[in-house]
Amino acid sequence: MSTNDPAVPAVDPTPTASLDFVREIVAADAAAGASIVTRFPPEPNGYLHIGHAKAICVDFGVAVEYGGICNLRFDDTNPVKEDVEYVDSIKADVHWLGFDWAGREFYASDYYERLYQDAEGLIRRGKAYVDSHSADEIRAHRGTLTEPGIDSPYRTRGVDENLDLFRRMRAGEFADGTHVLRAKIDMASPNINMRDPVLYRIRHADHHRTGNTWCIYPMYDYAHPLSDAYEGVTHSLCTLEYEAHRPLYDWVVRECEAAHTPRQIEFARLNLNYTVMSKRKLLQLVAQQHVDGWDDPRMPTISGLRRRGYTPESIRDFCARVGVAKKENVIDIGLLEHCVREDLNKRAPRAMAVLKPLKVVLTNYPEGQVETLAVVNNPEDATAGTRDVEFSRELYIEQDDFQEDPPKKFFRLAPGREVRLRNAYLITCQEVVKDASGAIVELRCTYDPATRGGDAPDGRKVKATLHWVSAAHAVNGEVRLYDRLFTAENPESAAEKSGQTFLDLLNPASLDVLRGCKLEPMLGTAPAGTRVQFERLGYFCADLDTAPGAPVFNRTVSLKDTWAKVAAREV
RNA sequence: UGGGACGUCGUUCAACGGUAGGACACCACGCUCUGGACGUGGUUAUCGGGGUUCGAAUCCCUGCGUCCCAGCCA
């Protein structure tokens, strides 16, 4: 069986026929002789999600396709929000996805001293000043979208005073919020990001890597372009919301007289329907226990998808299919599901599992007899071989596979009707046994001994094939069925329109735990991470909670279900 | 309202002045010991209005719509 180990499949280094706009740029630069350096720059303040997977595939993918390298750089410039737990999870997730940063693991915090020195350089050249306004005062002076800002009275401080103040900021002489270092650009710029943006702020806080050696921390807009420059990044790929920051990015690189000039290129982030993607909201789901942790299989996090049973290959395929462009997009979750199905169809061995058992007694089958049937492990993979499955007089089938009064398009078992038990025999339902309340508790059927293996020698056909499991041999297990986490395609906007919060739109049926499921014996000892197709039901993955003899499986995704569609239409 | 960006099938990505194409979804049919997979066929799109051109999704003008920016977050 295939498992969840981080075995890393090779990434296809061949670019696709028609290049996206980012690759067009990179290809042209590479053709002109540039050696390509990109970077994936997460802030360690949360777990990675499927949106990051797209960024990772682009950042690392572009690098490998053009013979370059991609750095993993943690943008850890805000100590109050960041934590090592997150850096560890991020590294694990990137690696699991199949990418390797070859030891090029960097941190913005590695550059604190250098960044500081460059800031002093800015001050010396009259390009930055210490502003002693409060945050409120700075905001009040910034102007609005339509009105220009007003110069701070501290804007004209001399170089020596600025240098002295900045050094004392570093030395810890001032309380949080009393001073900031600002770039001296243009308070009247129509681009608000250029109205003397803050470069450094005072934060007497421990940093997860530098401890208490610093009490001033650089802002993203200052640290990011310089980190790129220091690392020799050629193409700094990021999402659309940074487009308006690009003039500032370029300003910082230029005014700090960096030895290398990286280029920022923005593309549209990935959005998925029926979920939320912002780190803040995901954190909220975890903190308020609406889900069972960052790796809850309903979460769009990489760790959640992994626990759910998604393969790294399917996620990479998904990212390749959604493409790279500048248009805002919302991808249908169905595409992600299609990608796992396609991958798992070829790779996942089959097994039989009955989720909602209905007992079947074969009245003409000898009591105490057990037959061993050879069953194909994966019809899509000839190398997968066969396994032995026990068959006996008492079996379980799926409750959904029987109807006493079947509608016209229902092909499965019904009174008097003959169907095939997968890989076993043709059986005919003779009698329905009910309890006092009228509920169906057992079916009494006959089997045709001449149909062993599932084929009728007289060539007669049946319209349905059911999965089953031998009652005496089955192992009891728990199966967790997942559905979309939210009931609205776009939980944020739907909540806004109806005056609710996104939490009000959580799908109450997103998790359905089934106990007393009857599983084929081999499933009782499958290690966590084992992926398998339960025939006719879907792809499942042994959960972290699984234990020998007490298996727990997560449904990764159901099989496409034409009958469900037909049945829904009839209603 | 200032600035920046974006508008192509239901969704998403292509077409780079020369037949609007792929994928997912959807519909029909075929095949099938998984109502799965697979195969075949099909429906549906260039935001509006002007212009340039033999020819415009593509270039120009104009209108409309959507998104982003007023953190000492990233």
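Letters A, B, ... are given to chains in the order of the sequence lines, protein chains preceding strands, and every chain is numbered from 1.
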[X] near the nucleic acid: base, sugar-phosphate alone, or nothing, with a heavy-atom cut-off under 4.0 Å?
| X | value |
| --- | --- |
| Val80(A) | nothing |
| Glu243(A) | sugar-phosphate |
| Glu266(A) | nothing |
| Arg422(A) | base |

Contact list (N/O, under 3.5 angstrom) for nucleotides 28-32 of chain B vs protein:
none

**Report entry** Flag, side chain of Thr451(A) to backbone of Leu426(A), donor-acceptor distance under 3.5 Å
**Finding:** yes

Requested in this report: Determine the interplanar angle of the Tyr425(A) and Phe391(A) rings, folded into 0 to 90°, and report it as parallel if under 30°, tilted if 30 to 60°, perpendicular if over 60°.
Outcome: tilted

Query raised in the report: What is the ring orientation for Phe40(A) with His52(A), classed by angle as parallel under 30°, tilted 30 to 60°, or perpendicular over 60°?
Result: perpendicular

Query raised in the report: When you check every protein heavy atom under 4.0 Å of nucleotides 35-42 of chain B, what one-letter string (B, S, -) results, 5' to 3'?
Result: BBS-----

Report summary line: Protein heavy-atom contacts under 4.0 Å, written 5' to 3' over nucleotides 68-74 of chain B as B (base), S (sugar-phosphate only) or - (none), form the string SBBSBSB

Query raised in the report: Atom CZ of Phe318(A) to atom C1' of rC13(B): distance rounded to whole Å?
Result: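 For the pair Phe318(A) CZ and rC13(B) C1', the rounded distance is 13 Å.
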
So, for [X] and [Y], is the gap between ring centers shorter than 6.0 Å?
| X | Y | answer |
| --- | --- | --- |
| Tyr230(A) | Phe106(A) | no |
| Tyr242(A) | Tyr249(A) | no |
| His224(A) | Tyr220(A) | yes |
| Tyr129(A) | Tyr154(A) | no |

Under 4.0 Å: is that the gap between some side-chain N or O of [X] and OP1 or OP2 of [N]?
| X | N | value |
| --- | --- | --- |
| Lys327(A) | rU8(B) | yes |
| His338(A) | rC24(B) | yes |
| Lys565(A) | rC27(B) | yes |

Query - Minimum side-chain heavy-atom gap Arg39(A)-Leu237(A) below 4.5 Å - result: yes

Report task. Please list every stem that involves RNA chain B, where a stem is a run of 3 or more consecutive Watson-Crick or G-U wobble pairs with both pairing distances under 3.5 Å. Result ->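 Result, WC/G-U stems under 3.5 Å: B:2-7 with B:64-69, B:10-13 with B:21-24, B:26-30 with B:38-42, B:47-51 with B:59-63.
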
Query - Contacts of Tyr539(A) that satisfy ring-ring contact (aromatic ring centres under 6.0 Å, His included) - sequence neighbours left out - result: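 Once residues adjacent in sequence are excluded, Tyr539(A) has no partner under the ring-ring contact (aromatic ring centres under 6.0 Å, His included) criterion.
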
Side chains of residues 561-568 of chain A: which donor-acceptor partners sit under 3.5 Å, not counting sequence neighbours?
from	atom 1	to	atom 2	distance (Å)
Asp561(A)	OD1	Trp563(A)	N	3.2
Asp561(A)	OD1	Ala564(A)	N	2.9

**Report entry** Anti/syn call for rG49(B), syn if |chi| within 90°
**Finding:**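 In terms of base orientation relative to the sugar, rG49(B) is anti.
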
